[in-house]
Trainee: 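Got a structure for you, written out below as structure tokens; questions coming shortly.
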Amino acid sequence: MSNAVSHLDNDRFLRALLKQPVDTTPIWIMRQAGRYLPEYKATRKRAGSFMDLCKNADLACEVTLQPLERFELDAAILFSDILTIPDAMGLGLYFAEGEGPVFERPLCNRAAIEALGVPDPEGELAYVMNAVRTIRADLNGRVPLIGFSGSPWTLATYMVEGGSSKDFGKVKGLLYDDPKAMHLLLDKLAQSVTSYLNAQIAAGAQAVMVFDTWGGTLTPQTYRDFSLNYMQQIVAGLKRENAGRRVPVILFTKGGAQWLESMAETGCDGLGLDWTIDIAAAQQRVGAKVALQGNMDPCVLYASPERIRARAHEIVKAFAQPTGHVFNLGHGIHQHINPEHVKVLVDAVHEAGFELRAH
């Protein structure tokens with residue numbers, strides 16, 4: 001990739017993750033390209049289905065860029081789904097109306113796990129790499145592009161449960177009853193996620209994030225053994241530089257505030273925080289070891305513009321250092337949020353960040 005292509009007009013997101021000086025606090029929002037935007041709904045309708053939207057590079061690019069046309073966001077995130085890897089492993093993913101993701105062939109026994117192959121990111125998952133390349137070209141250096149994957153544990157929950165779950169009975173049952181089978185599955189997934197993220201980096205992703213959505217359902221011991229251990233393997237296997245620039249990696253465990261110190265030891269550059277921890281307390285605990293990303297409760301966006309602005313200023317100013325903070329919600333934006341409220345948030349974060357650095 002030429003230097004001309006790797007030039008960035010706005011690199012404050014990458015700089016903050018690497019704890020380098022920034023002019024203001026950068027912000028992006030989990031699920032920023034999604035159902036709260038009317039233009040997304042229109043493109044999704046045109047695509048036919050959610051997976052058809054993911055698999056069409058031009059449409060995936062279109063929805064990735066939609067929020068950047070409305071808001072002064074500091075990063076774009078690849079439009080895709082965390083379940084692309086299990087789908088490429090042949091489990092038959094589809095999205096049932098009102099039910100979320102469902103697998104036709106969930107993993108019911110050790111033989112099914114043993115039969116799984118590690119997908120080729122430029123083979124079965126080439127459509128994701130095509131989307132990354134298309135988005136990078138269309139962004140033309142405006143802001144960095146974030147690539148991502150689900151964590152091995154989170155992917156395993158869907159693959160064993162066959163979809164979403166309230167109690168994780170099947171996957172935790174397997175973990176306790178046949179830990180060797182669970183480790184075999186997680187090892188294959190860790191290899192798959194590593195090669196998948198490395199392919200996204202080679203295709204042009206300038207930072208990557210691992211979403212451990214269901215790590216918070218585990219006990220401290222099982223979290224370390226069955227989730228964190230595999231995320232650490234991924235971090236160790238990632239290509240951390242491309243086109244002459246460091247490629248930061250962010251780990252996010254929803255419900256994982258109690259394990260921040262252990263997560264910071266993995267060698268990642270940034271930790272995502274949900275809203276169950278105070279950002280100042282998180283910063284005190286991990287010190288300067290990693291950058292922090294977060295962590296406003298998405299429901300604040302249902303409040304008045306004045307309340308949103310006030311809360312944004314509180315979070316930005318609670319972070320005691322002039323760099324090392326990327327503002328985000330503590331989880332994905334809700335589908336019924338008013339887009340005007342998102343604009344209020346983005347502008348308020350930048351305003352608070354400028355004020356903080358002026359003192």
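Values in this document were obtained by computation on a predicted structure and should not be read as measured data.
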Trainee: Minimum heavy-atom separation for Y127 to C54, with atom names?
Mentor: CD1-O, 3.6 Å
Trainee: So, R142 side chain and L68 main chain: donor-acceptor pair closer than 3.5 Å or not?
Mentor: yes
Trainee: Taking the six-membered ring for Trp, are the ring centroids of Y230 and W153 within less than 6.0 Å of each other?
Mentor: no
Trainee: Is a donor on one side and an acceptor on the other found under 3.5 Å between the side chain of E161 and the backbone of V171?
Mentor: yes
Trainee: What's the separation between atom CD1 in I315 and atom CG in L273, rounded to the nearest 0.5 Å?
Mentor: 10.0 Å
Trainee: Taking only Lys NZ, Arg NE, NH1 and NH2, and the carboxylate oxygens of Asp or Glu, determine whether E124 and K55 approach each other closer than 4.0 Å.
Mentor: no
Trainee: Do H341 side-chain atoms and L301 backbone N/O form a donor-acceptor pair below 3.5 Å?
Mentor: yes
Trainee: Looking at S192, is its backbone amide N or carbonyl O close enough to the side chain of S195 to form a donor-acceptor pair, meaning the two atoms are under 3.5 Å apart?
Mentor: yes
Trainee: Please name all residues satisfying side chain to side chain contact (heavy atoms under 4.5 Å, CB included) with A264, sequence neighbours left out, ordered by chain then number.
Mentor: L271, V286, K289, V290
Trainee: Taking side-chain hydrogen bond (donor to acceptor under 3.5 Å, both in side chains) as the definition, give me every residue that meets it alongside D11, ordered by chain and number, with sequence neighbours left out.
Mentor: R245
Trainee: If only atom types and distance count, is the side chain of T154 paired as donor or acceptor with the main-chain N or O of G150 below 3.5 Å?
Mentor: no
Trainee: Taking L218's backbone N and O only, do any of them form a donor-acceptor pair with T222's side chain (distance below 3.5 Å, no angle check)?
Mentor: no
Trainee: Of all residues at least two apart in sequence or in a different chain, which pass the side-chain hydrogen bond (donor to acceptor under 3.5 Å, both in side chains) check with E314?
Mentor: R311
Trainee: For D74 and I27, indicate whether the former's side chain and the latter's backbone hold a donor-acceptor pair under 3.5 Å.
Mentor: yes
Trainee: With distance as the sole test, does Q283 use its side chain to make a donor-acceptor pair with the main-chain N or O of A320 at under 3.5 Å?
Mentor: yes
Trainee: Is L251 reachable from F226 through a run of I, L, V, M, F, W or Y residues, each pair having side-chain heavy atoms under 4.5 Å apart?
Mentor: yes
Trainee: Check the orientation of W214 and F168. Use parallel for under 30°, tilted for 30 to 60°, and perpendicular for over 60°.
Mentor: tilted
Trainee: Search all heavy atoms of E241 against all heavy atoms of R246 and return the closest pair with its distance.
Mentor: CG-N, 4.1 Å
Trainee: What's the shortest heavy-atom distance between F354 and R12, and which atoms?
Mentor: CZ-NH2, 4.3 Å
Trainee: Restricting to non-hydrogen atoms, name the atom on L17 and the atom on P248 that form the minimum distance, rounded to 0.1 Å.
Mentor: CD1-CB, 3.7 Å
Trainee: Could you tell me the separation between the CD atom of Q232 and the CD1 atom of I234, rounded to the nearest 0.5 Å?
Mentor: 11.0 Å
Trainee: Do you reckon I277 sits in the same ILVMFWY cluster as V316, going by side-chain contacts under 4.5 Å, direct or chained?
Mentor: yes
Trainee: Determine yes or no for a side-chain-to-main-chain donor-acceptor pair under 3.5 angstrom, with D269 supplying the side chain and V249 the backbone.
Mentor: yes
Trainee: Does a side-chain heavy-atom distance below 4.5 Å link V247 with K239?
Mentor: no
Trainee: Just how far is it from atom CZ of R70 to atom CD of Q32, taken to the nearest 0.5 Å?
Mentor: 13.0 Å
Trainee: Give the C-alpha distance, both sets of side-chain angles, the deciding distance and a yes or no for salt bridge (Lys or Arg N to Asp or Glu O under 4.0 Å) between E62 and R46.
Mentor: CA-CA 12 Å; E62 187 179 305; R46 241 170 57 230; 3.1 Å; yes
Trainee: Give the cluster check for V118 versus I201: same hydrophobic cluster or not, with ILVMFWY residues linked at side-chain heavy-atom distances below 4.5 Å.
Mentor: no
Trainee: Could you grab the distance from atom CZ of F211 to atom CD1 of I82, nearest 0.5 Å is fine?
Mentor: 8.5 Å
Trainee: Can you tell me how far CH2 of W28 sits from CG of L329, rounded to the nearest 0.5 angstrom?
Mentor: 9.5 Å
Trainee: Is K188 salt-bridged to E114, cutoff N-O under 4.0 Å?
Mentor: no
Trainee: Tell me whether L78 is reachable from M51 by hopping between hydrophobic residues (I, L, V, M, F, W, Y) whose side-chain heavy atoms are closer than 4.5 Å.
Mentor: yes
Trainee: Can you hop from I29 to V344 via hydrophobic side chains spaced under 4.5 Å?
Mentor: yes
Trainee: Taking all non-hydrogen atoms of both residues into account, name the closest pair between I146 and A75 and its distance.
Mentor: CD1-CB, 3.7 Å
Trainee: Given 3.5 Å as the limit, does a donor-acceptor pair link the side chain of D274 with the main chain of G255, or not?
Mentor: yes
Trainee: To the nearest 0.5 Å, how far apart are OH in Y158 and OG1 in T213?
Mentor: 6.0 Å
